[in-house]
Amino acid sequence: MGNNNVFDVREGDFEKEVLKDNKPVAVYFYSDDCLPCSAFSPLFERLSQIYGEKIKFVKVCLQQDRDLGGKYNVRSTPTVMFLKDGEEVCSRLTGYITKSEFRESVENFIEGKCKCKEKSKVSADVAVLGSGPAGLSAAIYTARAKLFTVVVDEGLSGGQVATTYHVANYPGTNGVVRGLDLMENMKKQALDFGTTIDELKEISQFSVKGKYFYIESDDTDYQARSVIIATGATPRKLPAQGEAEFRGRGVHYCATCDGAMYQDKDVLVVGGGNSAVEEAVFLTRYVNRVTIIHQLDYFQAAKAYADEALKHPKIDVLWNTEIRKVSGDKFVENVLTENIKTGEKRDINTDGVFVYIGLKPRSGLFNGILKMDGRGYIITDDNMQTSVGGIYAAGDIRKKLVRQIGTAVGDGITAGVLAERFLNG
Amino acid sequence: MSIKIYTTPTCPYCTMAKKYFDSKNIGYENVDVTGDKQAAQEMIDKSGQRGVPVVEIDGNIIVGFDKEKIESYMK
């Protein structure tokens, strides 16, 4: 090699060699065993021979200097960032960086054409949208297949499972695993195989151009050769008068979050599926009494959950009943219910209403691009393939019958394997 | 800048809010409202509602984990 235009720098020398250097610096974070890095390293050296007089070219091994990477929030390799007088300028480059892209960035950097706060660009083999069990399972498979995989999530990773207190039915766990812990494990596994997880990115646009898929978020634009959609679903809002007015002031959608605010109070739980009865049981640890309001005369929940709720001394059930109106002064004080069989209306005093009446798919970004059913669930074949080649859907976002953590994991794995086959032919 | 977060231990969005500040190396005071009726009432009075988390940045109240609002108050 013997290329003295590229400086190998360790954390201890970073201040002297980079931050205090008079020249502008391009810093390249790399790691061994990273395919896009082995493609990019020769380009970096090549350009250092051309532009080495004007700017300094520095290499940092991320595996050896994780703390340094952490300081600059470098989570994947390759990442190139540009510094002038110790301050980062221009946008970063990550993923598969082409020579023309890199040359353009270097020239703009030298000419001082780019200011801070430009969007970063990431180019990946596989972009996974959503980091619940489906998204992370897909990423575990594609990253392990050495595909450069980026998981993008609007919140923090974990999906709906992270808001579930106990997960009783996921195979291989002890039956009392906490949702948050289960998802932390999946996340760690995905990261260990080399996945990049970008949290807190609000996706504003999804488009298809030729063989590439483009995902725009507030501060980063992604380009990918294959996309796995695992954006899941959000809770359906209570269709009753006063819902919006009292949301957070007595109407809640997350018992694990807000249940503790109802110490020794009386609350209602609306719904009859697994979530409704499970969360009703969870709430009994805080509240005085839970009344489940359900529109049918039986629970759709699995028998084990249903029986636990039915036998619980703190839980009663009002069958065939729906809530029509929520009212109160500053906070919810009572609800108007209607028995849908007899038409009988009743006022019930309560301190809070926890709503678990099903889900709404988060598929708005793909309207007009992918085939969906009337409710917005994405239609796939048995192999998670959507109506557009290279785009797969997995987990709750798919049109299917059983939405469980286990089925989401299965979908994610299938989508991951198929995306790999799609890319590697 | 003074930051206070009202939380409950089982609430994932509270964990997200705390992690967000941790990731930016910004210090905050965590107020667990579980079983602390006085703190819970203080949170309800300040925010006019009962959902957690509630983030308070220099007297500004943000309900829920709303990254954009948080960032707008930190500028």
Side-chain angles (χ1 to χ4, degrees), chain A residues 70-71 73 75 132 153-166 178-184 187 199-202 217-219 245-265 267 279 282-283 285-286 328-332 351-354, chain B residues 3-28 30-57 60-75:
Chain A
K71 213 181 273 174
N73 209 13
R75 282 161 303 179
D153 199 286
E154 299 205 337
L156 286 165
S157 46
Q160 292 172 70
V161 186
T163 73
T164 307
Y165 188 63
H166 269 164
R178 275 168 34 125
L180 198 59
D181 293 339
L182 182 64
M183 295 319 294
E184 284 294 319
K187 181 182 170 185
E199 296 171 323
L200 304 168
K201 303 279 183 202
E202 234 160 274
S217 80
D218 33 5
D219 61 358
E245 194 185 339
F246 288 101
R247 200 181 299 159
R249 296 190 293 135
V251 176
H252 300 271
Y253 293 88
C254 178
T256 50
C257 305
D258 305 331
M261 301 299 293
Y262 291 85
Q263 207 92 40
D264 306 323
K265 307 270 188 186
V267 300
E279 300 303 321
F282 171 80
L283 282 166
R285 65 175 63 207
Y286 300 115
D329 181 20
K330 270 171 96 177
F331 294 95
V332 170
D351 300 299
V353 183
F354 288 84
Chain B
I3 300 176
K4 215 181 212 186
I5 313 179
Y6 294 90
T7 61
T8 64
T10 51
C11 152
Y13 298 101
C14 303
T15 310
M16 289 183 192
K18 288 188 276 184
K19 270 195 182 172
Y20 170 79
F21 287 109
D22 290 341
S23 75
K24 306 227 158 200
N25 277 325
I26 299 169
Y28 53 85
N30 178 34
V31 183
D32 180 357
V33 297
T34 317
D36 182 344
K37 287 204 168 150
Q38 208 183 326
Q41 193 54 50
E42 180 184 298
M43 181 195 103
I44 293 169
D45 291 343
K46 282 182 181 170
S47 68
Q49 57 86 56
R50 293 196 193 110
V52 285
V54 168
V55 180
E56 182 178 357
I57 302 176
N60 298 301
I61 299 293
I62 303 154
V63 176
F65 175 53
D66 186 332
K67 192 180 65 145
E68 265 176 39
K69 274 200 191 147
I70 289 172
E71 284 173 357
S72 75
Y73 285 126
M74 289 201 302
K75 272 170 192 161

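Values below: every heavy atom of this structure, side chains too, minus hydrogens, waters and symmetry copies. Quick caveat, the model's predicted, so the values are computed rather than measured. Protein chains get the first letters and strands the later ones, always in sequence-line order, with residue 1 at the start of each.
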*Mind ranking Phe282(A), Tyr262(A), Tyr286(A) by heavy-atom pairs under 4.5 Å with chain B and telling me who comes out on top?*
Tyr262(A)

*Identify which part of Phe246(A) has an atom lying under 4.5 Å from any heavy atom of chain B, answering side chain, backbone, both or neither.*
neither

*asked:* Counting heavy-atom pairs under 4.5 Å with chain B, which one of Asp258(A), Leu180(A), Asp264(A) comes out on top?
replied: Asp258(A)

*Examine the side chains of Asp45(B) and Gln41(B) and answer whether a donor and an acceptor come within less than 3.5 Å of each other.*
yes

*Would you check if Val31(B) and Met43(B) make a side-chain contact, meaning some heavy-atom pair closer than 4.5 Å?*
no

_Option from Tyr20(B), Tyr6(B), Tyr13(B) for which ring-ring contact (aromatic ring centres under 6.0 Å, His included) with Phe65(B) holds_ = Tyr20(B)

*Check whether the side chains of Glu202(A) and Ser217(A) place a donor and an acceptor atom closer than 3.5 Å, and report yes or no.*
no

*When only pairs under 4.5 Å are counted, which of Gly48(B), Gly51(B), Pro12(B) shares the most heavy-atom pairs with chain A?*
Pro12(B)

*asked:* Looking only at heavy atoms and a cut-off of under 4.5 Å, which of Gly248(A), Ala162(A), Gly158(A) has the most pairs with chain B?
replied: Gly248(A)

*Leading residue by heavy atom contact count with chain B [cutoff under 4.5 Å; candidates Met261(A), His252(A), Glu199(A)]*: Met261(A)

*In terms of side-chain heavy atoms, does Thr7(B) have a donor or acceptor partner in Asn30(B) at a distance below 3.5 Å?*
yes

